[in-house]
Amino acid sequence: MLSAAFTIACKDLRLRMRDRSVWIFALVVPVALSVVFGQLFAGNADDGPIRLGVLDEDGGEIANAFVHDMLPGLEAQGFVDIEEFATAGDVRGAIDSGVISAAWILPRGLSRFVTGGSSGTVRVVANPDHGIARLVAVRVAEGFATEADTVGVAVATMAALTDTGVTPSSLEAVRSAAMAQPATANVVDLVAPERQLSPTSYLAAGMAVFFLFFTVMFGVTGLLEERQLGTLARLRAAPISEGALHLGKAAGSLMLGLVSMAVLGAMSARLLDASWGPAGGVIVLIISACLAAVGVMTLVGSFARTAEQASNLLSMAALVLGLAGGVFFPVSTGALATLTVISPHGWFLRGLGDLAADPTWTAALPAAGALVAFGAVAGALAAARIRHQVRE
């Protein structure tokens, strides 16, 4: 039985390799889309540090602490470049021309308001198309506002407790003493391990598993084509069991999918510098994804009577499952995140995310188990339907 199934699988694989449509769906289209979208990601990526600006219209002690104490430390970390400007017009011109992405404006009277116990305002001006730069500028301003509040409270307290208040000569001592006080509450940011591939790697993997289901489709429709052409009846007349026949057809689709995924993985690494993770875990996921694709597509194809019907049904199934699985963009929250659980594509990409967080091949086993379950359940249902159709 196994020998006959292997012979049929090799025969189908050779036939499919001669079909240009298979090459287009298995290799050409996914590689082309990965390259195109990869270039778009590269074009939108920020090159080097975020460029920010600052305008000090105040010139007082508080503004000086922001410009000359806080910002240099931020710039020293290497992810921002900060340029000082003389007027608000210069700031807006630099943002409009793309020289900087966002800027802080410290208005006149800021230091006077803070040292007098009142509230001051730090304005943030940003290019609306540069969301990350705007977010950085706002967060820095909020952090500075927190420190300024501390100084303001200290100054107000000193003014209330003394008859003379806080003189300009003692302001720096008050500010230093206020900032030296330990925080009464600390926030600890416990970040989980990164479970996401880089944008280029995610897109390459998503395109590969998306078109895997279209590639496997050719093996499923081939069975119906042989039924229409009469070659399937000849195979059944040969001394080959029904189980060996269908096992060989499924194995041919599996081999085609494995070849497609292996080549796409190698080409994405070569052309796009993409990385799916450690080889052992990736191999486990690829095999599991191919098993799931064969099982699911065989089940969907069992509802068709002709190759044309099967092609339409299988294309719709591959498209819907791919979109539900988030092959074009990462989905982590909301209703769409729930849909990824019912899609083999989503489990494949989740497995790669697990490998990104834990670079040991065993991290891929939960997702691989879910993929194998998809293939086993769908394959069992497909086998039952096919046996029923044969008896009709």
Quiz item: With a 3.5 Å cut-off and no angle check, do the side chains of Asn312 and Ser315 form a donor-acceptor pair?
Solution: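 Not at all, the side chains of Asn312 and Ser315 share no donor-acceptor pair under 3.5 Å.
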Quiz item: Does the side chain to side chain contact (heavy atoms under 4.5 Å, CB included) test come out yes or no for Leu355 and Trp276, once each step is laid out?
Solution: CA-CA 8 Å; Leu355 289 176; Trp276 295 3; over 6 Å; no
Exercise. Kindly work out whether a path of hydrophobic side-chain contacts (I/L/V/M/F/W/Y, heavy atoms less than 4.5 Å apart) joins Phe303 to Val377.
Key: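 Phe303 clusters together with Val377.
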Exercise. Dump the intermediate steps for side chain to side chain contact (heavy atoms under 4.5 Å, CB included) on Asp81 and Ile50, then the final yes or no.
Key: CA-CA 6 Å; Asp81 279 339; Ile50 299 173; over 6 Å; no
What distance separates [X] [atom1] from [Y] [atom2], expressed to the nearest 0.5 Å?
X      : Y      : atom1 : atom2 : result
Arg51  : Ile95  : CZ    : CD1   : 11.5 Å
Leu321 : Phe374 : CG    : CZ    : 8.0 Å
Thr87  : Arg92  : OG1   : CZ    : 10.5 Å
Asp273 : Thr200 : CG    : OG1   : 8.5 Å
Met297 : Ser253 : CE    : OG    : 10.0 Å
Trp104 : Leu71  : CH2   : CG    : 5.0 Å

Between [X] (side chain only) and [Y] (backbone N and O only), is there a donor and an acceptor less than 3.5 Å apart?
X      : Y      : value
Glu75  : Ile82  : yes
Ser201 : Ser275 : yes
Thr298 : Gly295 : no
Arg108 : Gly59  : no

Quiz item: Do the side chains of Val67 and Glu84 get nearer than 4.5 Å, heavy atoms only?
Solution: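 With C-beta onward as the side chain, the pair touches.
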Exercise. Answer yes or no: is there a side-chain heavy-atom contact under 4.5 Å between Leu258 and Ile286?
Key: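 Of all side-chain heavy-atom pairs linking Ile286 with Leu258, at least one is under 4.5 Å.
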Quiz prompt | Test ring pair (Phe, Tyr, Trp, His ring centres under 6.0 Å) applied to Phe210 and Phe214, step by step | solution = CA-CA 7 Å; Phe210 180 66; Phe214 286 95; 5.3 Å; yes
Self-check item: Nearest heavy atoms of Met261 and Ala208, plus distance in Å
Solution: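 So the minimum-distance heavy-atom pair works out to SD-O, 3.5 Å.
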